[in-house]
Amino acid sequence: MLLDLSADATESEAFAAADAWLREHLPDDVLAAALGAEWDAVTAFLDDEERGAAWYAALGAAGLSTPTWPRELGGLGLSAAAAGGVAEAVLQYRVGRSMTDFVGLALGGPTIIEHGTDAQKERFLGPLARGEHRWCQLFSEPGAGSDLAGLSTRAERQGDGTWVVNGQKVWSSFAHLSDFGLLMARTDPDLPKHRGISYFLVDMTTPGVLARPLRQMTGDAEFNEVFLTDVHLPPEALLGEVNGGWAVAITTLMQERNGLTGRPAVGEGRSDDLLRRAAETGALADPVLRDRLLLLLVEERALQMTTVRSYAEAGRTAVGAEGSVRKLVNAQIEEETGALAAEVDPLGVLAWPAGEPTPSAAHDFLAMKTTSIAGGTSEIQRNIIAERLLGLPKDPDPEKDLPFNQRARTT
Amino acid sequence: MLLDLSADATESEAFAAADAWLREHLPDDVLAAALGAEWDAVTAFLDDEERGAAWYAALGAAGLSTPTWPRELGGLGLSAAAAGGVAEAVLQYRVGRSMTDFVGLALGGPTIIEHGTDAQKERFLGPLARGEHRWCQLFSEPGAGSDLAGLSTRAERQGDGTWVVNGQKVWSSFAHLSDFGLLMARTDPDLPKHRGISYFLVDMTTPGVLARPLRQMTGDAEFNEVFLTDVHLPPEALLGEVNGGWAVAITTLMQERNGLTGRPAVGEGRSDDLLRRAAETGALADPVLRDRLLLLLVEERALQMTTVRSYAEAGRTAVGAEGSVRKLVNAQIEEETGALAAEVDPLGVLAWPAGEPTPSAAHDFLAMKTTSIAGGTSEIQRNIIAERLLGLPKDPDPEKDLPFNQRARTT
Amino acid sequence: MEFTWTSEHRDLRVAVRRLMTTRAPVDRARALAADGVRHDTELWATMAEQLGLQALDVPEEHGGVGGSLVDVAVVLEEMGAVLHGGPFLSTAVLAVEVLRELAPVADAAGDLLGRIAEGGATVAVALAEDGRAWSPGTVRTTATGPTSDGAVRLTGTKQLVLDGADADLLLVLARTDAGARWCLVDGTADGVTRERQEGLDLTRPSATVRLADAPGQVLGDLDGVAVADRVRSVASVLLAAEQVGAAAEVVRRTAEHATTRRQFGRPVGSFQGVKHRLADMAVRVEMARSAAYWAAFQERGSADLELGALVARSYCSDALLQTAKDCIQLHGGIGFTWEHDAHLFLRRARLDATLLGDTRHARERLLAHTHPDLQGVS
Amino acid sequence: MEFTWTSEHRDLRVAVRRLMTTRAPVDRARALAADGVRHDTELWATMAEQLGLQALDVPEEHGGVGGSLVDVAVVLEEMGAVLHGGPFLSTAVLAVEVLRELAPVADAAGDLLGRIAEGGATVAVALAEDGRAWSPGTVRTTATGPTSDGAVRLTGTKQLVLDGADADLLLVLARTDAGARWCLVDGTADGVTRERQEGLDLTRPSATVRLADAPGQVLGDLDGVAVADRVRSVASVLLAAEQVGAAAEVVRRTAEHATTRRQFGRPVGSFQGVKHRLADMAVRVEMARSAAYWAAFQERGSADLELGALVARSYCSDALLQTAKDCIQLHGGIGFTWEHDAHLFLRRARLDATLLGDTRHARERLLAHTHPDLQGVS
C-alpha cells in the first residue's frame, strides 16, 4: 500500500511520485474540482464524514501524510527536503490533513517514534497516519509557561503500577476536539525540577479530564484550559522513562518550532496578499508603506529560503536550533503583517457594520502576537539560539538544582 | 561680583539678567562679532590666552558658569530651569566654557559640593568656576566597564596617612589635558566590591600619573588610558569616607547622565542640519528617507521637551533616573543621525580626495555609537530605568556580597 | 509659557482619578460594552455636577470655566488610564473645540457650548468620509439651499463618528456653494440614519451617519476646513494626553506583572529580556508625556502649540501602539486572552493613531511648520 | 536547481579559508592599508597558481574552469570573513561578469577573460558617476568616434572605481552615438588620471578615474546598460556572500567576547540584554546565508536568480550593517577603538550596502519582478 519510492528520492522525484499517486487515487470529481480551483467542493469532500475519512485513510496508508517516518512504521523514510516535495504535491489539490492534526502528525508521531515502545508505536502510529485520532499537547500550566520545567501537575504512582494525575494545563490547542493528549507531569517532587518529570500519552476520554476553551483576544477560541482531576492512567501510558520526561519533551518541542514555519518552498506568501490588498486600498501608492511592505516581502522570501536550506542541510536528522531561528522570524513577520494590515486599510479595520464578522485585516491585527507567544515565546527562542547556535552561557536559575518542592512558589 | 539675581528667579528672569550682564561685560569687539555672527572672531577671543582667561574668570566670578551652585560657593543658587535660562543667554554669544570643561563643571563641582570638606570646596570650586582647572574622570578600567564596582585599581594607606595608588584607568576624556582627576580606587579588597572603594581628587601632575591618548574608530583621540604607578596622594585627596566612595561616585554618575543631553530648550538640532543637508543632496526627495529624517526630528524635539520637563520638575533637587531616559534616547538619536548621514550622501561618505579631512557625514557615521557606549552603556541605562523608575528587581550578581578578593577574575 | 505644574493641576488629577477608578474602571467599560450600553448617563451627570469637567474647556463667556489646555489634558490622561470611552472626547473636546471656533460668528454655537458645559447635551463631530479619518479637504457631504436663517438640507455619509449613534446633536462638516461649513443636525431628525458600528476598539463606540436630505443649520460662514485644521491641533494635544494615560497604565501593569510573575526561580522582571523592554516602554511614556504636556503648556493658536501638537501626534501615537504590543508580549499567554485587558489597550491604540489623521502626514505637516523652505524639495 | 552542498564546495571552502586566514588576516589588511600598499601581488599569484581562484568564474572556452556561482560565492564568503580587499571582487567578479557578457560579440573580451583566469591581469570596472553607485541608466562619460576597429576616445569622470588606481585595465561604461557601451581602457594610457581616494572602508581601495580624450576600445555593440543590469544580478549574489562572510565573522567574534568577558560576576553573554541581541545577530546571519546561497544555487539568467539576487541584496546589506553596529555595542569601549577590528567591519558594511545601488531600489525592482501588475500602482 505504501507509495513505491526510494528513501533516497530527491525532492522532485518525491513530488512526481506523490503527484502521480494523487492523480490516480483522488476521486474523479474531487480531482476535477481541484484542477478547476473549485475549492469549496474540495472542502466539502474532506468534510464529508465518510468520504473524508476514507480519503485520509488512503492517504495515510500510502505514507503520504507521514513521509519522513520510517517505512516500517508506515512512512516513506524520506529526507526532510524530499518530504517537502510530497507535501507540495498534496498541497496543490488541498487534500492534506488539516492544521488541527498538526500536534499529532508533527509532534506526537515523531516523539512516539523516538521514545515509544513497540506496543505504543503499534497502537498509535497507524491511526495517527490514517487520520483516526486527533492529538493535543498538555504541557504549559498557569504557573509554568516559559519555564516549562516548573510545572506542578502531579502524577502519582499507585501500588498497582497505574498513575493518578491532578493538575491544570493551559494553551492546549484543540484539546476540546482531541482523542489523545501529550502530557508532562511531575512524578518526583524531591528531585530538581527537570529531573522529576515524566511524559504520558493520555486518552482524553478518561474520566476526570475536562477541556474548556479559552477565548483569545481575537475572539477566537482555539486554545483550552484542561483540568485533570484524579485522572487514572494505565502503566502503558508512560512514554520513555519514569522521571525522564524532560528529554522526551525536548523532542516534541524541537519538532514544534520546526513545524510552525511552513513548507520548504519559495513563493507567494502573506506579504504578497498584503501587497495586493494595499494596491486595492491605494496604500501601495504611499512610498513609506510601500517600502515597509517590500521589506516584509524580502523577509518572508528570505525565511522561505531559510526553510529550504534547513530542510536541505538537515537530510534525515532532526532539525536543530535553526527551527528556533525560523520560528522567531516567523513571529516577527506575523507581527509586522498584522501591523501593516491595519495601516493598509486604516478605517476598514476600525469599524464595520454590526453583526458582520470581523474583517480579516482586523483579525490579523489582533492576532499579530500569536506566534511571538505561542509554542515558546520569542524570548525563549532567543535563549535557545544564543545557547545552542552560539554557545553562550545560560542565565543563572537559582532553583535549577533545588528539589522541586523546596523552590519558591511561582505565580 | 556675583550676578544680582534672586534664587527664586524664573527661567526668563534669569535669562534677562544674564543677558544684561553679558552685554555689559563682553568686550565691545566681541559683542559686535557675536551679534554679527562672526563666530571665528569670537573663537579667536576665547582662544587668546590672556583675553580668554580673563573672560572666563569674569564669567566665573559672576556665577554664570555655575548657576546651580549655592551662592555661598560661588554659584547663583538657581533652579535647574532658571539655570537653563542663564546657559541660554551665554550660548547666544557662544562665550561659555568648552566641552573639555564638562567633567569639572558638571561632574566634579557638584560632587565636591555634596561630599567635600570645607577645605576641599575652598581649594577647588573657585578655580573650577573661573576656568583655571580642567578635570578628568578616572573611573573605568579595562576589566571594569559596565561593572564599575569591579574596579581593581588599588589605593593603599601608608603609615603616615598618605595613599599609594597603582592601577590602570581607561576612557578618560581629555585626561592628557587635565589638571585634576576624579579617581575611584579600591581601598579594602576584603570587603564586597561596592563597599571597599574610595574616591580621590588627584593632581594629574603627581609623579607616576601617565595619560596616553587612545585612538577611536573615528580617528579622533579624545579618550585616554591613564596609568597610575606608585602615585602618592596626600590624606586630603580623599573625598568622602574611606570605603564610602561608591556613594560619592553615584553623585558623579547621575550628573553625567543628566549633563550629556544638552540644554533645556526646544529648537534647532542635529536633525535640522541633516534635513538641510538632505535637501542639498536630493535625498529629501526620497519619501522613505524623508520620513526617517522626520521621525528623527520628532524624536529630537520630544527629547528636548523632555529635558525642559525634567528641569522644570526637578526644581532644585538633583535630576534622577530620568537622566538615564534622556541619555538613552540621545544615544539612539546619535546612532540614527550617523546612519542617516551616510544615507543622505551615500557616495560622499565612502570616498574623498586623499589628504582631505574626513567629511563630517563620514565622521558622524563612524561616531554613531559613541553615546551608546560612553558614560555608561545603553544597557546600563536600561537597567537603571527599569530598577529606579519601574522598581524592577536587579539581575542577580553572584559576586555582589563576596569579598572582592574572592571573586572570579574578570577579563 | 513656562512648564509649571500647579496645585490646581494636582487636585484636578486626584479628583478625576478617584472618579474614574471608582466609577469607570476598565472592568466596567468592558461590562457596559458587553451589555451594549454605550453611555453611562449617571457618570456623565456626576462629571458635570461634582467636577464640572464638561465646562473645563468652555470659555467663561459661554458658561464654562475657561480652564487651560493643561487642565483638560490632565482629565484626558486620567480617562486614558481606564480606557474611558464615554462622550467626553467627542462632546467636551472635539465638539467644544469646533464650537469655540464658531461661537464668534454663530450664536447657536455659543448657546450649545453653554448646554455642554452644564452636561446638558452630547454632541458628536461628523467629519470622516471616504476612508480618511480627518482629511477635511475632501468633503463630499453636501449642504444645500441655505435660507436666510441658515437652514440647510444635508446629504452624504460620515464614517467613524464617535458616539454618533447616541449623541443628541451632530456637528457635520459639509460642502455648500460657499465652501465647506460646519452644520448642526439633530440626531433624531428625519433623513438621519445612524448605524452603530462594530469596532476594533471595544470601549469607544462609533457609528456611520447617513444623511439623506436631512435638515440642519449652518453655523456661521467660517471656512470649515480651516476650522477643522485648527481643531485638529488642539485635539491632537488632548488625544496625546489620553495616549499618555493609556500608555503609562500599560507600563504600570506590565511592570507589576514582571515583578510578581516568577519563572526560572526569579521574577521575570529580573531578566534583561523583559527588563530592557520595559525600560524602553518607560522611555516612550516619559517622552510622550513630555511632548503632550509641553504642547499643552503653549498658548492656543501659537506656533509652538502647533509644533507641540505635531510632535505629540506622531510620538504619542507610536508610543501607545508600541507599549500596548510590548505589554501583550511581556504578559505571555495570559496577555493574549480575551479576559485580560491588554488587548483593550492595543485596540484603543490603533483607533487613537488613526482618529485625527495618520502620523506620517503629521510629520509632513511638521516639516512644513519647522522648515517651510524645505517642504517642497523633491 | 536543488540546494545541495557537495564535497567540492567543502574542500574549496577549507582551502580558501586556510589561505586567507594565514596570508590575508584582517591584521595584515590593516597593516597594508597603513603602509599605503593596496595590492598583495604575491597573494594574488598564489590564488591563481595554487587554487585557481581567478579562473573559477571564467568559462572553460576562455581558459577558465567554469565553476558554479556557488563556488565563487564560497570564495567571496571566506574573503568577507577576513575583510579581504584585494582585486578579487573588482577583477575576478565584476570585470569577469562584464566580460562574460561581452565575449560572444567581442574577441578582446574573451582574450581578457583568459588573462584574468591565469592571474595575469587586474581589471577595474568604472561605472559610477554623479553620486550614484550603480545607476547605469545615467551615463555621462562619452566615447566618441569609433573607428572600424572599435577605437574610441573617452571623456568623463568615474567615481568609486574599486582598485581603480592600481588595475592594469579599466572597463568603462560610456555613451556612444549608438547608446551605452563598455569600453576597455589601458590604465596607463594618456588622458587617464587616476586619483586614489581616501575611503571610509580602509581595507578596500577605490579611485576616481578622470578620462580626458583617453584612447580606448569598444567591446562589441551590446547595450551596455542591459549588460550592467545583468551583471548587477550576479554580482549582487556574490557580494551578498561576502556580506555573509563578514557578518558571520562579526557574530563569531562577538559571541567569543561575550563568553570570555565577565562583568557583575558572570560572563556578559549570560545577560539577556547581550544574549538576545546576539541571538538576533545570529538570526540575521542565518537568514542572510540562506538568501545568498539560495540565489547562488539558481541558474544564471533565470527568474529565480533575479529573485534571489534582489532578496539577498536587500537582506544581506541590512544584515551586515546591523550586525556590525551590534558588534561595536556589545564590545563596549574596546569595540570603539581604532585598534579593535569592529569598525573595519562597519566600514565595509557601509561600502557594500552602496556598491551595487541602494537596497531600497533593489526592493522596488523586487516588486517589479514578483508583481509586475502592482509595480505601477500609485
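Protein chains get the first letters and strands the later ones, always in sequence-line order, with residue 1 at the start of each. In this text, all values refer to a predicted model and were calculated from it rather than measured experimentally.
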Segment of [X] engaging chain C (4.5 angstrom heavy-atom cut-off):
{"X": "B/L328", "result": "side chain"}
{"X": "B/L295", "result": "both"}
{"X": "B/V298", "result": "both"}
{"X": "B/Q381", "result": "neither"}
{"X": "B/D286", "result": "neither"}
{"X": "B/E268", "result": "side chain"}
{"X": "B/S12", "result": "both"}

Region of [X] that comes under 4.5 Å of a non-hydrogen atom in chain B:
{"X": "C/E256", "value": "neither"}
{"X": "C/V274", "value": "neither"}
{"X": "C/T370", "value": "side chain"}

Relative to chain C, which of [options] shows the most heavy atom pairs under 4.5 Å?
{"options": "B/T10, B/V266, B/L293, B/I384", "answer": "B/V266"}
{"options": "B/A312, B/P396, B/G267", "answer": "B/P396"}
{"options": "B/L297, B/I385, B/N383", "answer": "B/N383"}

Search all heavy atoms of [X] against all heavy atoms of [Y] and return the closest pair with its distance.
{"X": "C/D280", "Y": "B/Q332", "value": "OD1-NE2, 4.4 Å"}
{"X": "C/A279", "Y": "B/R382", "value": "CB-O, 3.4 Å"}
{"X": "C/A255", "Y": "B/L392", "value": "O-CD2, 3.7 Å"}
{"X": "C/S290", "Y": "B/A302", "value": "CB-O, 4.3 Å"}

Check your understanding: For B/R292, does the CZ atom sit with more than 12 other heavy atoms under 6.0 Å from it, leaving out its own atoms?
Key -> yes
Review point. In this structure, are over 12 heavy atoms from other groups packed under 6.0 Å from B/R276 atom CZ?
Key: yes
Check your understanding: For the candidates C/G269, C/A258, C/P267, which exhibits the highest count of non-hydrogen atom pairs separated by less than 4.5 Å from chain B?
Key -> C/G269
Gap between atom [atom2] of [Y] and atom [atom1] of [X] - 0.5 Å precision:
{"X": "B/L284", "Y": "C/L374", "atom1": "CG", "atom2": "CG", "answer": "6.0 Å"}
{"X": "C/M287", "Y": "B/E322", "atom1": "CE", "atom2": "CD", "answer": "13.5 Å"}
{"X": "B/L275", "Y": "C/D373", "atom1": "CG", "atom2": "CG", "answer": "10.0 Å"}
{"X": "C/R289", "Y": "B/E313", "atom1": "CZ", "atom2": "CD", "answer": "8.5 Å"}
{"X": "C/H276", "Y": "B/D395", "atom1": "NE2", "atom2": "CG", "answer": "7.5 Å"}
{"X": "B/R309", "Y": "C/F297", "atom1": "CZ", "atom2": "CZ", "answer": "10.5 Å"}

Check your understanding: Is the shortest heavy-atom distance from the side chain of C/M281 to the side chain of B/L390 under 4.5 Å?
Key -> no
Exercise for review: For C/T6, check side chain to side chain contact (heavy atoms under 4.5 Å, CB included) against everything at least two apart and list the hits.
Suggested key: C/E8, C/H9
Exercise for review: Might you work through the side-chain contact (heavy atoms from CB on, under 4.5 Å) test for C/E286 and B/L389, ending with a clear yes or no?
Suggested key: CA-CA 10 Å; C/E286 290 305 311; B/L389 276 188; 4.3 Å; yes
Check your understanding: Can you list the steps and then say if C/K275 with B/E387 is a salt bridge (Lys or Arg N to Asp or Glu O under 4.0 Å)?
Key -> CA-CA 8 Å; C/K275 188 172 191 168; B/E387 290 163 18; 2.5 Å; yes
**Study point:** The single option from C/E364, C/R365, C/R360, C/H371 passing side-chain contact (heavy atoms from CB on, under 4.5 Å) against B/L294
**Key:** C/E364
Revision key, fill the gap. Residues of residues 310-318 of chain C with a heavy atom under 4.5 Å from any heavy atom of chain B, in residue-number order, are C/V311, C/S314, C/Y315, C/D318
